[in-house]
Amino acid sequence: YTLGRFQIIACGQKAEQPGKGQHKTISLLKALIAFGSVEVSRGRLIDRLWPDSDGDMGLQAFKTTLHRLRRLVKSERALALSEGTLSLDPRYCWVDLWSFEKLLSQSEFNEALDIRRMEKAIGLYKGLFLEGTEEQWVIPARERLRDKFIRYTTVLGCYYEAKEEFDKAIEVYRNGIEIEEHKETFYQRLMLCYKHKGDKREALRLYALISKALSEIHQKPSHETEVICRSLS
(Lines give C-alpha, C1' and ligand atoms only; values in the text may rest on other atoms or scores of the structure.)
Protein backbone atom coordinates (compact mmCIF):
# COMPACT_ATOMS: atom_id res chain seq x y z
CA TYR A 1 0.00 0.00 0.00
CA THR A 2 1.40 3.39 -1.01
CA LEU A 3 -1.56 5.80 -1.10
CA GLY A 4 -1.92 7.58 2.22
CA ARG A 5 0.20 4.96 3.98
CA PHE A 6 3.09 2.64 3.29
CA GLN A 7 2.61 -0.97 4.23
CA ILE A 8 3.91 -4.29 2.97
CA ILE A 9 1.82 -7.43 3.33
CA ALA A 10 3.86 -10.56 2.60
CA CYS A 11 2.27 -14.02 2.65
CA GLY A 12 -0.78 -12.60 4.41
CA GLN A 13 1.17 -10.91 7.20
CA LYS A 14 2.44 -7.39 7.72
CA ALA A 15 6.13 -7.40 6.89
CA GLU A 16 8.49 -6.41 9.69
CA GLN A 17 10.38 -3.21 9.13
CA PRO A 18 14.12 -3.59 8.47
CA GLY A 19 16.47 -3.05 11.37
CA LYS A 20 18.27 0.17 12.20
CA GLY A 21 20.61 1.25 9.44
CA GLN A 22 18.67 -0.65 6.77
CA HIS A 23 16.23 2.08 5.76
CA LYS A 24 17.57 1.82 2.19
CA THR A 25 15.74 -1.49 1.89
CA ILE A 26 12.38 0.30 2.08
CA SER A 27 13.70 3.22 0.03
CA LEU A 28 14.60 0.85 -2.81
CA LEU A 29 11.05 -0.47 -2.97
CA LYS A 30 9.57 3.03 -2.76
CA ALA A 31 11.85 4.33 -5.52
CA LEU A 32 11.09 1.37 -7.74
CA ILE A 33 7.34 2.03 -7.45
CA ALA A 34 7.78 5.79 -7.87
CA PHE A 35 9.74 5.26 -11.09
CA GLY A 36 7.07 3.08 -12.64
CA SER A 37 7.68 -0.39 -11.14
CA VAL A 38 8.65 -2.05 -14.44
CA GLU A 39 12.07 -2.16 -16.08
CA VAL A 40 13.49 0.63 -13.96
CA SER A 41 17.16 1.19 -14.70
CA ARG A 42 19.47 -0.10 -11.99
CA GLY A 43 21.69 2.90 -12.63
CA ARG A 44 18.82 5.29 -12.02
CA LEU A 45 18.04 3.64 -8.69
CA ILE A 46 21.69 3.75 -7.65
CA ASP A 47 21.97 7.41 -8.62
CA ARG A 48 18.95 8.34 -6.49
CA LEU A 49 19.65 6.18 -3.45
CA TRP A 50 23.47 6.22 -3.32
CA PRO A 51 24.42 9.47 -5.08
CA ASP A 52 27.76 9.75 -3.29
CA SER A 53 28.97 6.22 -4.07
CA ASP A 54 31.28 5.46 -6.96
CA GLY A 55 30.37 2.78 -9.51
CA ASP A 56 31.52 -0.35 -7.70
CA MET A 57 30.39 0.77 -4.24
CA GLY A 58 26.99 1.85 -5.53
CA LEU A 59 26.50 -1.43 -7.37
CA GLN A 60 27.43 -3.46 -4.30
CA ALA A 61 25.08 -1.41 -2.13
CA PHE A 62 22.30 -2.04 -4.64
CA LYS A 63 22.90 -5.80 -4.68
CA THR A 64 22.98 -6.03 -0.88
CA THR A 65 19.82 -3.95 -0.52
CA LEU A 66 17.97 -5.93 -3.19
CA HIS A 67 18.83 -9.15 -1.36
CA ARG A 68 17.42 -7.69 1.87
CA LEU A 69 14.29 -6.48 0.09
CA ARG A 70 13.61 -9.91 -1.39
CA ARG A 71 13.85 -11.39 2.08
CA LEU A 72 11.51 -8.72 3.42
CA VAL A 73 8.79 -9.45 0.84
CA LYS A 74 9.47 -13.19 1.12
CA SER A 75 9.82 -13.64 -2.63
CA GLU A 76 12.71 -13.79 -5.06
CA ARG A 77 10.42 -13.75 -8.08
CA ALA A 78 8.48 -10.63 -7.08
CA LEU A 79 11.58 -8.51 -7.78
CA ALA A 80 12.97 -9.41 -11.19
CA LEU A 81 16.42 -8.16 -12.17
CA SER A 82 17.11 -8.51 -15.90
CA GLU A 83 19.60 -6.79 -18.21
CA GLY A 84 20.28 -3.97 -15.78
CA THR A 85 16.64 -3.20 -14.96
CA LEU A 86 14.54 -4.03 -11.93
CA SER A 87 10.80 -4.78 -12.02
CA LEU A 88 8.01 -5.64 -9.65
CA ASP A 89 6.37 -8.67 -11.21
CA PRO A 90 2.55 -8.31 -11.15
CA ARG A 91 2.21 -12.10 -11.19
CA TYR A 92 3.53 -12.18 -7.63
CA CYS A 93 2.59 -8.83 -6.14
CA TRP A 94 -0.05 -6.10 -6.11
CA VAL A 95 0.31 -2.35 -5.56
CA ASP A 96 -2.65 -0.09 -4.81
CA LEU A 97 -1.60 2.60 -7.26
CA TRP A 98 -1.50 0.01 -10.09
CA SER A 99 -5.19 -0.70 -9.53
CA PHE A 100 -5.96 3.00 -9.03
CA GLU A 101 -4.53 3.98 -12.40
CA LYS A 102 -5.80 0.91 -14.26
CA LEU A 103 -9.37 1.41 -13.11
CA LEU A 104 -9.31 5.06 -14.12
CA SER A 105 -7.84 4.25 -17.53
CA GLN A 106 -10.73 1.81 -18.12
CA SER A 107 -13.37 4.41 -17.28
CA GLU A 108 -15.23 6.06 -20.16
CA PHE A 109 -17.79 7.91 -18.04
CA ASN A 110 -20.80 6.73 -20.05
CA GLU A 111 -21.78 3.39 -18.54
CA ALA A 112 -22.68 2.20 -15.07
CA LEU A 113 -19.68 -0.14 -15.12
CA ASP A 114 -17.32 2.75 -15.76
CA ILE A 115 -18.80 4.72 -12.86
CA ARG A 116 -18.30 1.74 -10.56
CA ARG A 117 -14.69 1.48 -11.70
CA MET A 118 -14.18 5.16 -11.00
CA GLU A 119 -15.73 4.86 -7.55
CA LYS A 120 -13.55 1.86 -6.78
CA ALA A 121 -10.43 3.69 -7.95
CA ILE A 122 -11.20 6.77 -5.88
CA GLY A 123 -11.82 4.49 -2.90
CA LEU A 124 -8.27 3.18 -3.20
CA TYR A 125 -6.82 6.66 -2.84
CA LYS A 126 -6.38 7.19 0.90
CA GLY A 127 -3.96 10.11 0.72
CA LEU A 128 -0.73 11.29 -0.85
CA PHE A 129 1.55 8.77 -2.53
CA LEU A 130 4.23 7.73 -0.03
CA GLU A 131 3.06 10.36 2.42
CA GLY A 132 5.86 11.28 4.80
CA THR A 133 8.61 10.38 2.34
CA GLU A 134 10.38 13.64 1.54
CA GLU A 135 12.89 12.68 -1.15
CA GLN A 136 12.60 14.74 -4.32
CA TRP A 137 12.19 11.68 -6.53
CA VAL A 138 8.79 11.01 -4.93
CA ILE A 139 7.26 14.32 -6.00
CA PRO A 140 6.49 13.70 -9.73
CA ALA A 141 4.54 10.49 -9.05
CA ARG A 142 2.88 12.05 -5.99
CA GLU A 143 1.64 15.06 -7.94
CA ARG A 144 0.48 12.94 -10.90
CA LEU A 145 -1.60 10.69 -8.66
CA ARG A 146 -2.96 13.58 -6.61
CA ASP A 147 -4.06 15.39 -9.78
CA LYS A 148 -5.85 12.25 -10.98
CA PHE A 149 -7.66 11.88 -7.68
CA ILE A 150 -8.84 15.49 -7.74
CA ARG A 151 -9.82 15.39 -11.42
CA TYR A 152 -11.77 12.14 -11.27
CA THR A 153 -13.43 12.99 -7.96
CA THR A 154 -14.72 16.14 -9.63
CA VAL A 155 -15.82 14.21 -12.75
CA LEU A 156 -17.68 11.67 -10.62
CA GLY A 157 -19.37 14.33 -8.52
CA CYS A 158 -20.42 16.29 -11.60
CA TYR A 159 -21.80 13.09 -13.13
CA TYR A 160 -24.15 12.70 -10.18
CA GLU A 161 -25.00 16.39 -10.24
CA ALA A 162 -26.01 16.12 -13.90
CA LYS A 163 -28.32 13.25 -12.96
CA GLU A 164 -29.67 15.39 -10.09
CA GLU A 165 -28.53 12.75 -7.61
CA PHE A 166 -27.27 15.40 -5.24
CA ASP A 167 -26.92 13.18 -2.19
CA LYS A 168 -24.49 10.94 -4.09
CA ALA A 169 -22.59 13.97 -5.37
CA ILE A 170 -22.37 15.33 -1.83
CA GLU A 171 -20.90 12.05 -0.61
CA VAL A 172 -18.28 12.12 -3.37
CA TYR A 173 -17.18 15.68 -2.60
CA ARG A 174 -17.17 15.14 1.16
CA ASN A 175 -14.93 12.12 0.72
CA GLY A 176 -12.69 14.30 -1.42
CA ILE A 177 -12.45 16.93 1.30
CA GLU A 178 -11.45 14.31 3.87
CA ILE A 179 -8.30 13.76 1.83
CA GLU A 180 -7.81 17.20 0.23
CA GLU A 181 -9.12 19.57 2.88
CA HIS A 182 -7.88 22.67 1.07
CA LYS A 183 -9.24 21.81 -2.39
CA GLU A 184 -11.58 24.71 -3.01
CA THR A 185 -13.32 23.08 -6.00
CA PHE A 186 -14.82 20.41 -3.75
CA TYR A 187 -16.32 23.06 -1.45
CA GLN A 188 -17.68 25.01 -4.43
CA ARG A 189 -19.43 21.94 -5.82
CA LEU A 190 -20.78 21.06 -2.37
CA MET A 191 -22.18 24.55 -1.92
CA LEU A 192 -23.97 24.28 -5.26
CA CYS A 193 -25.34 20.84 -4.36
CA TYR A 194 -26.82 22.16 -1.14
CA LYS A 195 -28.16 25.18 -3.00
CA HIS A 196 -30.02 22.82 -5.37
CA LYS A 197 -31.37 20.93 -2.35
CA GLY A 198 -32.62 24.18 -0.86
CA ASP A 199 -30.26 23.97 2.12
CA LYS A 200 -28.59 27.36 1.93
CA ARG A 201 -27.67 27.25 5.61
CA GLU A 202 -25.38 24.25 5.03
CA ALA A 203 -23.96 25.88 1.91
CA LEU A 204 -23.05 28.99 3.92
CA ARG A 205 -21.50 26.81 6.62
CA LEU A 206 -19.29 25.27 3.95
CA TYR A 207 -18.24 28.74 2.85
CA ALA A 208 -17.14 29.45 6.41
CA LEU A 209 -15.24 26.16 6.52
CA ILE A 210 -13.30 26.75 3.30
CA SER A 211 -12.55 30.32 4.38
CA LYS A 212 -11.06 29.02 7.61
CA ALA A 213 -9.16 26.23 5.88
CA LEU A 214 -7.64 28.61 3.36
CA SER A 215 -6.71 31.13 6.04
CA GLU A 216 -4.58 28.42 7.64
CA ILE A 217 -2.39 28.43 4.52
CA HIS A 218 -2.60 32.24 4.16
CA GLN A 219 -5.07 32.25 1.29
CA LYS A 220 -8.54 33.63 0.69
CA PRO A 221 -11.56 32.18 -1.13
CA SER A 222 -11.43 32.65 -4.89
CA HIS A 223 -13.71 34.91 -6.89
CA GLU A 224 -15.73 31.85 -7.99
CA THR A 225 -16.36 30.86 -4.37
CA GLU A 226 -17.41 34.40 -3.47
CA VAL A 227 -19.87 34.45 -6.40
CA ILE A 228 -21.44 31.19 -5.20
CA CYS A 229 -21.67 32.58 -1.68
CA ARG A 230 -23.42 35.76 -2.86
CA SER A 231 -25.89 33.68 -4.87
CA LEU A 232 -27.07 32.09 -1.63
CA SER A 233 -28.40 35.29 -0.13
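FYI, the numbering just counts along the sequence from 1. What you see is a predicted model, and the numbers here were worked out from it, not measured in a lab.
- Between Lys220 and Ser215 there is no side-chain heavy-atom pair separated by less than 4.5 Å.
- Side-chain N/O atoms of Ser87 and Glu39 include no donor and acceptor closer than 3.5 Å.
- No hydrogens or angles considered: a donor-acceptor pair under 3.5 Å links the side chains of Ser222 and Gln188.
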Next item on the list: Please report the C-alpha distance between Ile9 and Trp94 in whole Å, then the side-chain angles of each, then the deciding distance to 0.1 Å, and finally whether the side-chain contact (heavy atoms from CB on, under 4.5 Å) criterion is met.
Entry: CA-CA 10 Å; Ile9 307 296; Trp94 174 90; over 6 Å; no
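- Using a 4.5 Å heavy-atom cutoff, the side chains of Leu128 and Ile179 are not in contact.
- Between Gln106 and Lys102 the shortest side-chain heavy-atom distance falls below 4.5 Å.
- Within a 6.0 Å sphere centred on CG of Asp54, other residues, nucleotides and ligands contribute more than 12 heavy atoms.
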Next item on the list: List the steps, then state whether side-chain contact (heavy atoms from CB on, under 4.5 Å) holds for Trp98 with Cys93.
Entry: CA-CA 11 Å; Trp98 292 354; Cys93 57; 3.9 Å; yes
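- For the pair Ile122/Tyr125, no side-chain contact is recorded, criterion being any heavy-atom separation below 4.5 Å from C-beta on.
- In this structure, CG in Leu130 is found 7.0 Å from CD1 in Ile33, a value given to the nearest 0.5 Å.
- Residues Lys195 and Ser231 bring a donor and an acceptor atom of their side chains to less than 3.5 Å of each other.
- With salt bridges taken as basic N to acidic carboxylate O contacts below 4.0 Å, one links Glu202 and Arg205.
- No hydrogens or angles considered: a donor-acceptor pair under 3.5 Å links the side chains of Glu161 and Tyr173.
- No more than 12 heavy atoms of other residues, nucleotides or ligands shown are found within 6.0 angstrom of CZ on Arg77.
- A salt bridge links Lys197 with Asp167: the closest approach of a Lys/Arg side-chain nitrogen to an acidic carboxylate oxygen falls below 4.0 angstrom.
- For the pair Ser233 (side chain) and Arg230 (backbone), a donor-acceptor distance under 3.5 Å is present.
- At a threshold of 4.0 Å, the pair Lys126-Glu178 does not count as salt-bridged, since none of the basic side-chain nitrogens sits closer than that to a carboxylate oxygen.
- Heavy atoms only, all atoms of each residue included: Phe129 and Leu97 are closest at CE1-CD2, 3.3 Å.
- Hydrophobic clustering (side-chain heavy atoms under 4.5 Å, transitive across Ile, Leu, Val, Met, Phe, Trp, Tyr) keeps Met57 apart from Phe62.
- Within the model, atoms CZ of Phe6 and OH of Tyr1 stand 12.5 Å from one another, a figure rounded to the nearest 0.5 Å.
- Salt-bridge formation is detected for the pair Asp114/Arg117: a Lys NZ or Arg NE/NH1/NH2 atom is positioned less than 4.0 Å from an Asp or Glu carboxylate oxygen.
- Here the side chains of Arg189 and Ile170 are not in contact, with every heavy-atom distance at 4.5 Å or above.
- Residues Glu180 and Arg174 are not paired through a salt bridge, judged by the lack of any N-O separation under 4.0 Å between the basic side chain and the carboxylate.
- Between the side chain of Asp89 and the main chain of Ala80, no donor-acceptor pair closer than 3.5 Å is present.
- Heavy-atom minimum distance, Val172 versus Thr153: CG1-O, 3.4 Å.
- One hydrophobic cluster, built from ILVMFWY side chains closer than 4.5 Å, cannot hold both Leu192 and Val227; they sit in different ones.
- Within the 4.5 Å cutoff, the side chain of Lys183 has heavy atoms near those of the Ile150 side chain.
- In this structure, Leu45 and Ala31 approach most closely via the heavy-atom pair CD2-CB, 3.8 Å.
- Here Asp199 contributes atom CG and Tyr194 contributes atom OH; the two are 7.0 Å apart, rounded to the nearest 0.5 Å.
- Atom CG of Leu204 sits about 5.5 Å away from atom SG of Cys229, to the nearest 0.5 Å.
- In this structure, Ile8 and Lys14 have side chains that are not in contact, with every pair of non-hydrogen atoms separated by 4.5 Å or more.
- Crowding of Gln13 atom CD: a count of heavy atoms from other residues, nucleotides or ligands under 6.0 Å not exceeding 12.
- Heavy-atom contacts from other residues, nucleotides or ligands closer than 6.0 Å to NZ of Lys120 number 12 or fewer.
- In Gln136, the CD atom is not crowded: 12 or fewer heavy atoms of neighbouring residues, nucleotides or ligands sit closer than 6.0 Å.
- Between the side chains of Glu226 and Tyr207, a donor-acceptor pair is found at a separation under 3.5 Å.
- Contact detail for Leu104 and Ala121: the closest heavy-atom pair is CD2-CB, 3.6 Å.
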Note to self: Test side-chain contact (heavy atoms from CB on, under 4.5 Å) on Glu171 and Glu165; report intermediate values, then the result.
What the structure shows: CA-CA 10 Å; Glu171 183 180 359; Glu165 296 183 33; over 6 Å; no
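- To the nearest 0.5 Å, atoms OH (Tyr152) and SG (Cys158) are separated by 14.0 Å.
- Salt-bridge check for Glu135 with Arg48: failed, with every basic side-chain N at 4.0 Å or more from each acidic carboxylate O.
- Atoms CG and OG1, on Leu69 and Thr25 in that order, are 6.5 Å from each other to the nearest 0.5 Å.
- For the pair Lys30 and Val138, the minimum side-chain heavy-atom distance is 4.5 Å or more.
- Hydrophobic clustering (side-chain heavy atoms under 4.5 Å, transitive across Ile, Leu, Val, Met, Phe, Trp, Tyr) keeps Tyr92 apart from Leu32.
- Residues Val95 and Val38 are members of separate hydrophobic clusters, defined by side-chain heavy-atom contacts under 4.5 angstrom among Ile, Leu, Val, Met, Phe, Trp and Tyr.
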Margin query: Pair Leu86, Arg42 - check side-chain contact (heavy atoms from CB on, under 4.5 Å), show working.
Written below: CA-CA 6 Å; Leu86 184 63; Arg42 178 174 57 195; 6.0 Å; no
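- For the pair Arg70 (side chain) and Leu79 (backbone), a donor-acceptor distance under 3.5 Å is present.
- Listed here is the closest heavy atom pair of Glu119 and Leu156: CG-CD2, 3.5 Å.
- A cation-pi arrangement is not found for Arg146 relative to Phe149, the charged atom failing to lie both closer than 6.0 Å to the ring centre and inside a 45° cone about the ring normal.
- Between Phe166 and His196, the ring planes are parallel. Angles under 30° get that label, and only those over 60° would be called perpendicular.
- Although no hydrogens or angles enter the test, the distance criterion places no donor-acceptor pair under 3.5 Å between the side chain of Thr225 and the main chain of Pro221.
- With hydrogens and angles ignored, the 3.5 Å screen pairs a side-chain donor or acceptor of His182 with a backbone N or O of Ala213.
- Contact detail for Cys193 and Ala169: the closest heavy-atom pair is SG-CB, 3.8 Å.
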